[in-house]
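Each residue takes its place number in the sequence, starting with 1.
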Amino acid sequence: MRQKMTMSKNKTLTLVEGRKVNYRTINDMRAQTAGTGWGFSLLEEVDRESIARCDFGKYFSNYVIWRDLNNSVNAVDVMRIYAWLNKHKEIHTINTHLVGGRAFSSDKYYQHSLYGMDPVIGKNTPITYLVKNKDEVQELVKDGLIKYPLVLKERMGTAGKGIALVPDEEYLLSEHIRGGTWMNVMVEPYIFGDYDWRVFVVGGVAVGMMRKELDENRPGDFVQKSAGKNKTNETDPKVRKELSRIACRMASVCGLEYAGCDIIRDKRTGRYYVLETNNSAGWQNHFNDVTGLNMGRILLSWFDDMSVLDEKGFFEGVKAYTMNRVKYLYENKERFEQILAWKEKTKEAAGNTLAARLQRAYLEILNGADVKSAKGIIEEVENTPLCWAGNFLGSNIHGEGGIFEEDCIPTAYYLAIREKYDKILGVK
Ligand SMILES: Nc1ncnc2c1ncn2[C@@H]1O[C@H](COP(=O)(O)OP(=O)(O)O)[C@@H](O)[C@H]1O
Ligand SMILES: [Mg+2]
């Protein structure tokens with residue numbers, strides 16, 4: 001086990017998981033909590049009276065990982081629970097408030113709309129159409145909107161099931177391709193990949209990446225592709241940087257504190273393409289063995305880092321949280337440290353965002369302005385709610401912000417200014 005753990009006293013994790021098939025993740029979380037001194041409670045279902053009364057206090061500890069309740073609870077019931085959780089800010093949650101809600105969060109077609117609109121990963125998003133029958137596929141091809149080879153995919157499929165490679169029209173029209181229902185099918189270009197990756201994002205950072213080799217000889221075997229062949233820990237710093245950037249965006253636009261992001265690389269162009277974000281990804285697929293990480297503990301340690309804010313208050317809390325997590329940065333670690341050491345050399349940022357104004361305030365002080373002039377902006381920062389995906393400065397709107405790599409920079413400006421301000425004015 002690589003990461004250091006702090007012993008957590010008097011904390012209990014609530015794991016919301018009503019699907020018994022996921023017993024491996026449940027068992028592992030139970031073992032990890034026991035191993036680190038946490039309590040553990042499994043929430044499989046919620047009784048009707050609690051739902052009727054919106055009385056959920058007995059179900060939740062202060063740390064909740066939301067996966068899925070069992071099917072006896074419907075979408076509106078779940079929304080009632082969310083509404084309750086929203087009112088209880090003292091509860092730290094993972095993956096409760098996902099963008100689009102539970103009905104759409106695992107829908108690959110919906111996810112692609114979130115990726116496609118993003119200014120950074122828009123260009124990494126394969127174009128995707130909904131189709132109801134073979135005619136519609138032919139029409140898309142005829143209109144030049146998509147080309148063979150293409151892929152037909154279930155919008156809500158998992159583990160590579162229900163995905164078909166369609167090399168040409170003849171194959172499309174053959175009996176190999178589904179005759180029956182076309183309820184939830186989408187079509188997208190086939191990507192000739194060399195590898196694909198599973199990247200785990202926790203609290204706005206990519207904590208680990210498993211590379212899977214794609215088998216040239218079995219292009220249409222998606223079950224095997226999804227499971228992965230010759231899996232290795234991704235160690236190439238260039239690849240890690242790029243995957244981190246993409247995966248953190250994928251998690252962010254989906255509003256997920258924890259996500260298993262699937263990314264494939266086109267071997268002809270080298271471009272990465274986003275495939276899907278899994279909001280209750282387990283790690284039974286050898287992820288821990290391959291990467292040397294312990295995902296269960298990483299989730300608990302994020303909660304540990306989150307709770308420092310409760311204990312320490314805004315400035316000290318943000319500082320402690322940020323310092324604990326700087327180790328996860330791929331690009332901005334050096335810049336982060338330069339800023340804190342008042343050695344940042346940069347042009348003035350344009351715009352009127354809080355981030356831009358913080359940077360200008362910092363540069364003014366660096367150039368000799370009195371730190372007292374920063375009183376207003378310090379107050380403003382400290383009255384701004386912290387980001388949904390971690391205790392750093394960022395947008396509080398779900399699906400925006402929540403990327404530590406980006407948000408650590410304005411956070412560093414704030415920390416540097418506040419530190420100097422306290423020193424000069426003797427604030428404790
Ligand atoms: N458009 C595509 N082109 C080539 N390979 C694909 C494509 N879509 C999916 N795959 C392969 O199939 C695997 C499973 O697809 P994915 O979209 O992640 O769905 P699932 O939910 O079944 O895992 C991926 O890991 C990837 O290797
Ligand atoms: Mg997948």
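There is no side-chain donor-acceptor pair under 3.5 Å between Thr411 and Thr322. A side-chain N or O of Ser105 and one of Asn279 form a donor-acceptor pair less than 3.5 Å apart. A side-chain N or O of Tyr59 and one of Ser50 form a donor-acceptor pair less than 3.5 Å apart.
Put simply, the side chain of Ser280 never gets that close to the backbone of Arg67: no donor and acceptor are under 3.5 Å apart. One N or O on the side chain of Thr14 and one on the backbone of Ser61 form a donor-acceptor pair closer than 3.5 Å. In this structure, the side chain of Tyr330 engages the main chain of Ala206 through a donor-acceptor pair within 3.5 Å. Judged by distance alone, the side chain of Lys212 and the main-chain N or O of Ser226 form a donor-acceptor pair under 3.5 Å. Not a single donor-acceptor pair under 3.5 Å links the side chain of Asn95 to the backbone N or O of Leu256. The backbone N or O of Tyr195 lies less than 3.5 Å from no partner atom in the side chain of Arg211, so there is not a single donor-acceptor pair. The backbone N or O of Cys54 sits nowhere less than 3.5 Å from a side-chain atom of Arg80 that would complete a donor-acceptor pair.
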**OP:** Show your working on side-chain hydrogen bond (donor to acceptor under 3.5 Å, both in side chains) between Glu169 and Gln138 and close with a plain yes or no.
**Re:** CA-CA 8 Å; Glu169 184 166 72; Gln138 281 180 298; 2.8 Å; yes
**OP:** Start with the C-alpha distance between Met29 and Ile65, add both sets of side-chain angles, then the distance that settles side chain to side chain contact (heavy atoms under 4.5 Å, CB included), and finish with yes or no.
**Re:** CA-CA 10 Å; Met29 270 331 295; Ile65 299 179; 4.2 Å; yes
**OP:** Take Lys231 and Asp196 through the test salt bridge (charged side-chain N to carboxylate O under 4.0 Å, His left out) and record every step on the way to the result.
**Re:** CA-CA 10 Å; Lys231 294 182 275 199; Asp196 73 8; over 6 Å; no
**OP:** Applying side chain to side chain contact (heavy atoms under 4.5 Å, CB included), run through Met210 and Asn233 and close with a yes or a no.
**Re:** CA-CA 5 Å; Met210 177 170 79; Asn233 186 26; over 6 Å; no
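By the side chain to side chain donor-acceptor pair (under 3.5 Å) test, Asn324 is found to be paired with Asp305, residues two or more places apart in sequence or in another chain being considered. The side chain to side chain donor-acceptor pair (under 3.5 Å) test applied to Lys132 returns Glu136, not counting sequence neighbours. By the ring-ring contact (aromatic ring centres under 6.0 Å, His included) test, His88 pairs with Trp84, sequence neighbours left out. Under the side-chain contact (heavy atoms from CB on, under 4.5 Å) criterion, Val141 pairs with Ile146, Tyr148, Leu150, sequence neighbours left out. Partners of Glu382 according to the side chain to side chain donor-acceptor pair (under 3.5 Å) rule, which considers only residues two or more places apart in sequence or in another chain, are Tyr414, Arg418. In this structure Asn230 satisfies the side chain to side chain donor-acceptor pair (under 3.5 Å) test together with Glu213, sequence neighbours excluded.
At least one side-chain heavy atom of Leu354 sits under 4.5 Å from a side-chain heavy atom of Thr384. Using a 4.5 Å cut-off on side-chain heavy atoms (C-beta onward), Leu152 and Val166 make contact. You'll find the side chain of Val318 stays beyond 4.5 Å of the side chain of Val381, heavy atoms only. At a threshold of 4.5 Å between non-hydrogen side-chain atoms, the residues Glu405 and Ser244 count as touching. Contact check for Asp68 versus Val16: no side-chain heavy atoms found under the 4.5 Å cut-off. Taking 4.5 Å as the limit, every side-chain heavy atom of Ile264 sits out of range of all side-chain heavy atoms of Tyr272.
Closest heavy-atom contact between Leu85 and Ile91: CD2-CD1, 4.0 Å. Scanning all heavy atoms of the two residues, the minimum distance from Met250 to Cys261 falls at SD-CB, 3.8 Å. The two residues Met209 and Thr291 come nearest to each other via the heavy atoms O-CG2, 3.8 Å. Taking every heavy atom of both residues into account, Ala251 and Val201 meet most closely at CB-CG1, 3.8 Å. Of all heavy-atom pairs between Gly100 and Tyr110, the closest is CA-OH, 3.4 Å. Minimum interatomic distance between Ile246 and Val274 (heavy atoms only, all atoms of both residues): CG2-CG1, 3.5 Å.
In this structure, Glu311 places its CD atom where more than 12 heavy-atom neighbours from other residues, nucleotides or ligands lie under 6.0 Å away. No more than 12 heavy atoms of other residues, nucleotides or ligands shown are found within 6.0 angstrom of CZ on Phe104. Counting heavy atoms of neighbouring residues, nucleotides and ligands inside a 6.0 Å radius, atom NZ of Lys241 does not exceed 12 of them.
Ionic pairing of Glu344 and Arg335 is present here: one or more N-O contacts between side-chain nitrogen and carboxylate oxygen are shorter than 4.0 angstrom. By the 4.0 Å N-to-carboxylate-O rule, Glu242 lies close enough to Arg245 to be salt-bridged with it. Using a cut-off of 4.0 Å between Lys/Arg side-chain N and Asp/Glu carboxylate O, Arg102 and Asp107 are scored as not salt-bridged. For Lys333 and Glu337, the salt-bridge test passes: some basic side-chain N is under 4.0 Å from an acidic carboxylate O. Salt-bridge formation is detected for the pair Glu17/Arg19: a Lys NZ or Arg NE/NH1/NH2 atom is positioned less than 4.0 Å from an Asp or Glu carboxylate oxygen. Lys108 has no carboxylate O lying under 4.0 Å from a charged side-chain N of Glu154, or vice versa, which leaves the two without a salt bridge. A salt bridge does not link Arg240 with Glu234: none of the charged nitrogens is closer than 4.0 Å to a carboxylate oxygen. Using a cut-off of 4.0 Å between Lys/Arg side-chain N and Asp/Glu carboxylate O, Asp304 and Lys11 are scored as salt-bridged.
Expressed to the nearest 0.5 Å, how far CG of Asn62 lies from OG1 of Thr93 amounts to 11.0 Å. Separating the CG atom in Leu165 from the CD1 atom in Ile177 is a distance of 8.0 Å, to the nearest 0.5 Å.
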N/O donor to acceptor pairs below 3.5 angstrom from side-chain atoms of residues 186-193, sequence neighbours left out:
| unit_1 | atom_1 | unit_2 | atom_2 | d |
| --- | --- | --- | --- | --- |
| Glu188 | OE2 | Lys153 | NZ | 3.1 |
| Tyr190 | OH | Pro219 | O | 3.4 |
| Tyr190 | OH | Lys225 | NZ | 2.8 |

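Within the structure, salt bridge (Lys or Arg N to Asp or Glu O under 4.0 Å) contacts touching residues 34-45 (residues at least two apart or in different chains) are Lys20-Glu44. Among residues at least two apart or in separate chains, salt bridge (Lys or Arg N to Asp or Glu O under 4.0 Å) pairs with a member in residues 250-267 are Asp194-Arg265, Arg198-Asp262, Glu216-Lys267, Asp266-Arg268. Among pairs with a residue in residues 235-259, those fulfilling ring pair (Phe, Tyr, Trp, His ring centres under 6.0 Å) read Phe200-Tyr258, at least two apart in sequence or across chains. Annotation: ring pair (Phe, Tyr, Trp, His ring centres under 6.0 Å) contacts involving residues 111-143, sequence neighbours excluded, comprise His112-Tyr115. Residue pairs meeting the salt bridge (Lys or Arg N to Asp or Glu O under 4.0 Å) criterion with at least one partner in residues 114-131, sequence neighbours excluded, are Asp118-Arg249.
Taking the six-membered ring for Trp, Trp66 and Tyr82 have ring centres closer than 6.0 Å.
Put simply, the residue from Phe40, Phe303, Trp302 that forms a ring pair (Phe, Tyr, Trp, His ring centres under 6.0 Å) with Tyr63 is Phe303.
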